[in-house]
Amino acid sequence: MRFKPLTGFRDFYPAEMVIRRGIEAAWHRAAQNAGFEEFDGPVLESFELFAAKSGEEIAGQLYTFTDKGDRQVAMRPEMTPTLARMVGARANGLPKPIKWYCVPQFFRYERPQRGRGREFYQWNVDVIGSADPASDAEVISVAVDALKALGLTADDIVVRLNDRRFLSRMLKTLDVDEATEPEVLASIDKLERDPAAVKKLEERLGSKRAEKILSWCERFPIDEADELKPVLEACEDFGLGAFVEADFRIVRGLAYYTGPVWEIFDRARSLRAIAGGGRYDELIKSLGGPDLPAIGFGMGDVVLTELLRDKGKLPEDPGRVDVFVIPVGDEMRGPARRVITQLRARSLRADGPNAAIKLGKALKLAAQSGATRAVIVGPDEWSNTQVKLRDLNSGDESVVNVEEIERS
RNA sequence: GUGGGCGUAGCUCAGUUGGUUAGAGCGCCGGGUUGUGGUCUCGGAGGCCGGGGGUUCGAGUCCCCUCGCCCACCCCA
């Protein structure tokens with residue numbers, strides 16, 4: 001074959017599509033269960049919309065081109081600017097808090113590796129217009145709900161929670177000034193991956209202060225963390241006690257977070273973060289929207305699929321059809337088509353061979369189709385306007401009217 | 001952008017010190033006679049051995065270049 005998908009882009013054959021849809025179904029269900037409404041926006045936006053928020057580094061990872069109207073456009077790499085734009089346009093008319101979610105496809109020109117391509121689907125859940133810590137906990141619970149629905153437990157995953165205000169305040173107690181704070185935060189963020197991060201902290205702050213920070217990372221100073229308490233409390237109420245752990249190493253980039261921040265990891269830490277989010281009270285205004293507090297998270301399909309595969313918990317194939325309808329002899333092919341039509345009209349997934357084949361062969365196809373039952377349309381039964389219903393697992397057969405065939 | 005690993009059938013891989021017509025398993029297609037499948041059995045299709053150049057009587061195998069893929073770093077909205 002001459003053509004392959006572009007680097008970092010994926011073909012979804014039916015087997016992969018089953019997985020993706022299974023994950024997406026869990027996302028939709030969890031969000032809707034918590035009263036979130038689905039929205040979406042354009043895949044293509046003006047380049048400036050994204051450039052405004054992001055630095056140069058990020059602009060370099062944008063898929064951009066000039067369209068035929070000479071406009072600089074970009075494929076969306078994230079949802080927040082679009083969300084801010086949409087909320088901004090109707091802010092006065094929307095009841096608060098705004099609880100919205102979406103499952104958009106994103107595009108980022110990056111070097112592909114395990115858990116990361118150049119295109120992916122990401123579940124985004126946001127609450128706009130609530131400053132209450134209960135809302136922070138609620139979005140965490142929505143994220144965990146979806147993962148639980150996919151079969152993951154507190155033995156598999158952990159929500160690591162921190163707070164940007166707490167981080168800043170603790171660093172101030174060490175006399176870390178505002179200018180050096182970003183650097184220090186970046187080092188804390190890297191402590192787990194980069195052995196050099198410790199050294200960097202020591203060089204920047206001296207071994208005494210660095211040690212203090214490392215001790216907080218080792219054992220979270222929960223007694224001093226007033227900023228986190230309301231969120232942790234609400235998490236308990238949402239039944240997240242086994243999932244959530246305060247963790248001083250969670251920083252979440254350097255961007256725009258203003259309060260609680262959190263990431264979900266697999267307990268074994270064999271993968272990058274499954275999800276991440278936090279509070280960003282200033283961002284919407286800075287993007288030209290209304291001055292509303294906001295929180296949200298993103299959960300991508302790529303890492304999650306890897307984890308589910310590792311755990312043997314990939315969504316199961318529901319099969320192509322419910323029943324497979326088989327004519328016995330050529331003269332029964334017409335009646336078989338009518339049976340199929342009746343079944344489909346009643347929303348049973350039904351299929352049959354559109355070819356003259358023998359019964360044995362047709363049953364082989366039935367087994368392959370994923371159907372749990374076969375309907376055999378033979379002259380003997382059809383003369384009484386009946387058919388034979390065969391359970392393909394047990395082999396049990398019974399003669400029934402077509403109307404009696406139910407969804408199993 | 002930096003570093004490492006790997007390219008043989010749709011998939012997972014074998015292929016001897018360089019030696020005839022490049023193999024296996026799975027998958028796919030077809031047979032194994034009458035209205036009963038999955039197992040089994042027999043057969044079949046499917047390869048520019050990633051591409052180009054070189055060494056050699058002879059290259060999947062050795063050398064060089066190139067392309068592609070994977071992994072880690074960077075970054076992670």
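Each chain gets a letter, A, B and so on, in the order the sequences are listed, and its residues count up from 1. Just so we're clear, the structure is a prediction, and the values are computed from it rather than from any experiment.
Listed nucleotides: rG32(B), rC74(B), rG3(B). Nearest to the side chain of R116(A): rC74(B). Closest to the side chain of D380(A), out of rG35(B), rC75(B), rU2(B), is rG35(B). When distances are taken from the side chain of R193(A) to each of rC74(B), rG68(B), rU36(B), the shortest belongs to rC74(B). The side chain of K364(A) has rG32(B) as its nearest neighbour among rG35(B), rU2(B), rG32(B). Distances were taken from every side-chain heavy atom of K388(A) (C-beta onward) to each of rC74(B), rU36(B), rG68(B); the shortest belongs to rU36(B). When distances are taken from the side chain of R108(A) to each of rU36(B), rA77(B), rC73(B), the shortest belongs to rA77(B). If you check rA77(B), rG32(B), rC74(B) against the side chain of E78(A), the one that comes closest is rA77(B). With rG32(B), rC74(B), rG38(B) as the candidates, the nucleotide lying closest to the side chain of A367(A) is rG38(B). Candidate nucleotides rG35(B), rU2(B), rU36(B) were compared by shortest atom distance to the side chain of R390(A), and rU36(B) ranks first. Distances were taken from every side-chain heavy atom of E110(A) (C-beta onward) to each of rA72(B), rC75(B), rG37(B); the shortest belongs to rC75(B).
rC73(B) atom P lies 13 Å from atom CG of D189(A), rounded to whole Å. Remark: P of rG35(B) and CD of Q386(A) are 21 Å apart, rounded to the nearest angstrom. As rounded to whole Å, 22 Å separates atom P of rC76(B) from atom CZ of R76(A). Distance, F120(A) CZ to rA77(B) P: 10 Å, rounded to whole Å. In this structure, L62(A) places its CG atom 14 Å from C1' of rC76(B), rounding to the nearest Å. Nucleotide rC69(B) holds its C1' atom 14 Å from the CG atom of L6(A), rounded to whole Å. For L283(A) and rA77(B), the CG to P distance is 12 Å, given to the nearest whole Å. E45(A) has its CD atom 15 Å from the C1' atom of rA77(B), to the nearest Å.
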### Query
In dot-bracket, 5' to 3', how would RNA chain B read with Watson-Crick or G-U wobble pairs under 3.5 Å, [ ] for crossing ones and | for pairs to another strand?
(((((((..((((.....[...)))).(((((.......))))).....(((((..]....))))))))))))....
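At a threshold of 4.0 Å, the pair K200(A)-D194(A) does not count as salt-bridged, since none of the basic side-chain nitrogens sits closer than that to a carboxylate oxygen. Using a 4.0 Å cut-off between charged side-chain N and carboxylate O, R10(A) and D301(A) make a salt bridge. E24(A) and R20(A) are joined by a salt bridge, as a carboxylate oxygen and a charged side-chain nitrogen come within less than 4.0 angstrom of each other.
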### Task
Under the side chain to side chain contact (heavy atoms under 4.5 Å, CB included) rule, what do Q342(A) and E403(A) come out as? Steps first, then yes or no, please.
CA-CA 8 Å; Q342(A) 279 188 58; E403(A) 302 77 49; 3.5 Å; yes
### Query
Would N162(A) and Y257(A) satisfy side-chain hydrogen bond (donor to acceptor under 3.5 Å, both in side chains), going step by step from the backbone distance to the final call?
CA-CA 11 Å; N162(A) 200 2; Y257(A) 289 102; over 6 Å; no
### Query
Are Q105(A) and E119(A) close enough, and set up right, to give a side-chain hydrogen bond (donor to acceptor under 3.5 Å, both in side chains), and what steps lead you there?
CA-CA 7 Å; Q105(A) 187 179 22; E119(A) 151 272 327; 3.2 Å; yes
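Taking the C1' atoms as reference points, rU66(B) lies 38 Å from rC29(B), given to the whole Å. Only the C1' atoms considered, rG52(B) is 29 Å distant from rU12(B), to the nearest whole Å. Comparing rU21(B) with rC26(B), their C1' atoms sit 25 Å apart, to the nearest whole Å. The separation of rG10(B) from rG53(B), taken at their P atoms, amounts to 24 Å, rounded to a whole angstrom. As rounded to the nearest Å, rG58(B) and rG19(B) have C1' atoms that lie 7 Å from one another. If you take atom P in rA77(B) and the same atom in rU61(B), they sit 46 Å apart, rounded to whole Å. Remark: the separation of the P atoms in rC6(B) and rA14(B) is 12 Å, to the nearest Å. The separation of rC57(B) from rU16(B), taken at their P atoms, amounts to 22 Å, rounded to a whole angstrom.
Taking CE of M332(A) as the reference point, atom CZ of R338(A) lies at 10.0 Å (rounded to 0.5 Å). Of the inter-residue distances, the one linking I128(A) atom CD1 with L94(A) atom CG reads 9.0 Å to the nearest 0.5 angstrom. Here the straight-line distance linking atom CG of N401(A) with atom CD of Q386(A) works out to 4.5 Å at 0.5 Å rounding.
Contact check for D136(A) versus L161(A): no side-chain heavy atoms found under the 4.5 Å cut-off.
The base of rA72(B) has none of its N or O atoms less than 3.5 Å from a complementary donor or acceptor on the side chain of R114(A).
Contact between the side-chain N/O atoms of T7(A) and the OP1/OP2 oxygens of rC69(B) is found at a separation under 4.0 Å. Between K361(A) and the phosphate of rG30(B), there is a side-chain N or O to OP1/OP2 separation shorter than 4.0 Å. Close to rA72(B), at under 4.0 Å from its OP1 or OP2, lies a side-chain N or O of Q113(A). Note on R252(A): a side-chain N or O is less than 4.0 Å away from OP1 or OP2 of rA77(B). At rG37(B), none of the side-chain N or O atoms of Q368(A) fall inside 4.0 Å of OP1 or OP2 (strictly under the cut-off).
Of the two residues near RNA chain B, P112(A) and L365(A), the one whose nearest nucleotide lies more 5' is L365(A). Comparing P379(A) and R272(A), the nucleotide of RNA chain B nearest to each residue sits closer to the 5' end for P379(A).
Partners of D281(A) under the salt bridge (charged side-chain N to carboxylate O under 4.0 Å, His left out) rule, at least two apart in sequence or in another chain, are R279(A).
Sorted by residue number, the list of members of residues 294-312 of chain A with any non-hydrogen atom under 4.0 Å from RNA chain B is empty.
Less than 6.0 angstrom separates the ring centroid of W262(A) from the ring centroid of F297(A).
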